[in-house]
Amino acid sequence: MSTDNYTQKSNIGVRILDSGRSSLYFAMRFMDMALCAFEYKAAEGNRYAGTDGKAIYFAPDYLMDLYEQEVRLVNRLYLHMTLHCIYRHLFRIGGRNKRLWNLACDIAVESVIDGLDYSCVKMRLPAVRDALYRRIKDSCRILTCDLIYDYLEKNTPGEPEFTALENEFLADDHEYWYHSGNSRNRSQSEQKWEDISRKMQTSMETVEKGAGHENQSLYQSVEAENRQRYDYKEFLRRFAVYREEIQIDPDDFDYTIYTYGLSHYGNMPLIEPMEQREVKKIQDFVIAIDTSFSCSEEQVKDFLQETCNILFTSESFFQKVNIRVLQCDNRVQKDDKLKNAREMEDYINHLSIKGRGGTDFRPVFEYVGRLIEDGEFTNLKGLIYFTDGRGEYPKKMPPYETAFVFLREDHTDAGVPPWAIKLEI
């Protein structure tokens, strides 16, 4: 192909992308920053179009064929790539199976687009897509890429069906995800898209008021992806307090003995490490368990085991601790006091759920308040409440840090007060 001919086709491709962006902008003004975040680059040898978060790389012939076939396909392609960036799919690959992750991300994005009621992208929903969405929604309420990936891992289809699904949801080339520069550039690009995504969510909630209600699947998925992700281990350390504990401190020693050695033996200082060392660990801690019907015994056990593994294998606790595990539905049903890892393991192994009524979070905070007044805690720094999120929350902020830990597949956290932390597992 001559240089002039390729340049002409590239210019046509840019105009096609511009046209798609304009159509999307007039339908979804809350996406203005996201839609305008790309530069366009024609790429010889590329069969499709793809993005690395900075540019859209496209095959001119592919875009022209797509445009001639159906204009809405171009619009959907542009939106498809933009949503990948809004959800930061290309930056969160980690150690996942590449093929499975690619398919999960495409399903997540296409399910959102299929749920939009805008003429610029709305097309007939194929039966294969409808059936798949229904199957996945039986396991999780919101079709995020992480949940879809988990579903596909547990229900991996055979090779013929897997290939058919890949072809059904294929829209863009993901190879640019895996060759998008060094770690610093990737980090900067991810931060840029996180900022864009959060501003888009804010716009749907405020400036374009009502957009979040009109586009429930889009808004819920953006909200879910924008939740702050915590390292659970690091998070638990926030509840630690300083206290002296008997143990050898190599960083401190008695200067009297040190100088005596120098004066008595010349160049031989004597060092005797201190037998007490100031350390920061968790001493008082409350774990509240929602025992309404929505949380199964297996899920509660998994949560407690994960918490136990982190706390007692990372030397996060003092040797003598005061852990209170409270079971509560619409009232506190059970209060167990645990002092060490052995008691915690025994509690988990013989766990018996008490309750199964409605959900009300307030009784736990009232109960803990009475425990503090009665001197049951020396220095309570925090409370973690494991729940599905559906219930009555307290209005007043307690004098300790509070985190509500949600089942990962649920995302029901609309009523959580602003002073509380929201975590997912």
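Ion pair R324/D335 flagged as a salt bridge, since at least one NZ, NE, NH1 or NH2 atom sits closer than 4.0 Å to an Asp/Glu carboxylate oxygen. By the 4.0 Å N-to-carboxylate-O rule, D336 lies close enough to K334 to be salt-bridged with it. For R21 and D32, the salt-bridge test fails: no basic side-chain N is under 4.0 Å from an acidic carboxylate O. Look at K154 and D150 and you find no salt bridge, because none of the NZ, NE, NH1 or NH2 atoms lies under 4.0 Å from a carboxylate O. The residues E110 and R76 are annotated as salt-bridged, a charged nitrogen and a carboxylate oxygen being separated by less than 4.0 angstrom.
I148 contributes atom CD1, which lies 5.0 Å from atom CG of L143 (distance to the nearest 0.5 angstrom). Taken from CZ in R15 to OH in Y67, the straight-line distance is 9.0 Å, to the nearest 0.5 Å. To the nearest 0.5 Å, atom CD1 of residue I136 and atom OG of residue S111 are 8.0 Å apart. Here the NZ-OH distance, from K337 to Y347, works out to 15.0 Å after rounding to the nearest 0.5 Å. Remark: I86 CD1 to L35 CG distance equals 7.0 Å, nearest 0.5 Å.
A centroid separation of 6.0 Å or more is found between the aromatic rings of F58 and Y40. Aromatic rings from H89 and H174 are positioned such that their centres are separated by 6.0 Å or more. Separation of the F404 and F361 ring centroids falls under the 6.0 Å cut-off.
R129 places a side-chain N or O within donor-acceptor distance of the main-chain N or O of E168, the cut-off being under 3.5 Å. Checked by atom type and distance alone, the side chain of N75 never pairs as donor or acceptor with a backbone atom of S23 at under 3.5 Å. In this structure, D61 contributes its side chain and M64 its backbone to no donor-acceptor pair below 3.5 Å. Between the side chain of T202 and the backbone N or O of R198 there is at least one donor-acceptor pair closer than 3.5 Å. Of the possible donor and acceptor atoms, one in the side chain of R186 sits under 3.5 Å from a partner among the backbone N and O of L90. Listed for the N155 side chain is a donor-acceptor partner under 3.5 Å among the backbone atoms of Y151. Under a 3.5 Å cut-off, the side chain of E343 and the backbone N or O of K339 do form a donor-acceptor pair. Side chain of D360 to backbone of R362: a donor-acceptor contact under 3.5 angstrom is found. Between the side chain of K192 and the main chain of G53, a donor-acceptor pair closer than 3.5 Å is present. Judged by distance alone, the side chain of R99 and the main-chain N or O of N97 form no donor-acceptor pair under 3.5 Å.
Surrounding NZ of K199 are at most 12 heavy atoms belonging to other residues, nucleotides or ligands under 6.0 Å away. With a 6.0 Å radius and a threshold of 12 heavy atoms from other residues, nucleotides or ligands, F169 has its CZ atom above the threshold. Annotation for N167: atom CG counts as buried by contact number, over 12 foreign heavy atoms lying within 6.0 Å. The environment of CD in Q8 is sparse: at most 12 heavy-atom neighbours from other residues, nucleotides or ligands sit within 6.0 Å.
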Note to self: Between K41 and I56, does the side chain to side chain contact (heavy atoms under 4.5 Å, CB included) criterion hold? Intermediate values first, please.
What the structure shows: CA-CA 6 Å; K41 292 185 178 181; I56 289 178; over 6 Å; no
Margin query: Let's go through T359 and T291 carefully: what are the C-alpha distance in whole Å and the side-chain angles of both, what is the deciding distance for side chain to side chain contact (heavy atoms under 4.5 Å, CB included) to 0.1 Å, and is it a yes or a no?
Written below: CA-CA 8 Å; T359 305; T291 58; over 6 Å; no
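D52 and A55 make their closest contact through OD1-N, 3.0 Å (heavy atoms, listed as atom of the first residue, atom of the second, distance). Residue L24 comes nearest to L79 through the heavy atom pair CD1-N, 3.8 Å, listed as atom of the first residue, atom of the second, then distance. The nearest pair of heavy atoms linking P363 to V332 is O-CG2, 3.8 Å. Considering all non-hydrogen atoms of both residues, C145 and W101 come closest at SG-CH2, 3.4 Å. When all heavy atoms of A171 and Y62 are compared, the closest pair comes out as O-OH, 3.4 Å. When every heavy atom of D172 is checked against every heavy atom of H84, the shortest pair comes out as OD2-CD2, 3.3 Å.
Using bins of under 30°, 30° to 60° and over 60° for the plane-to-plane angle, the ring pair W193/F38 lands in the tilted bin.
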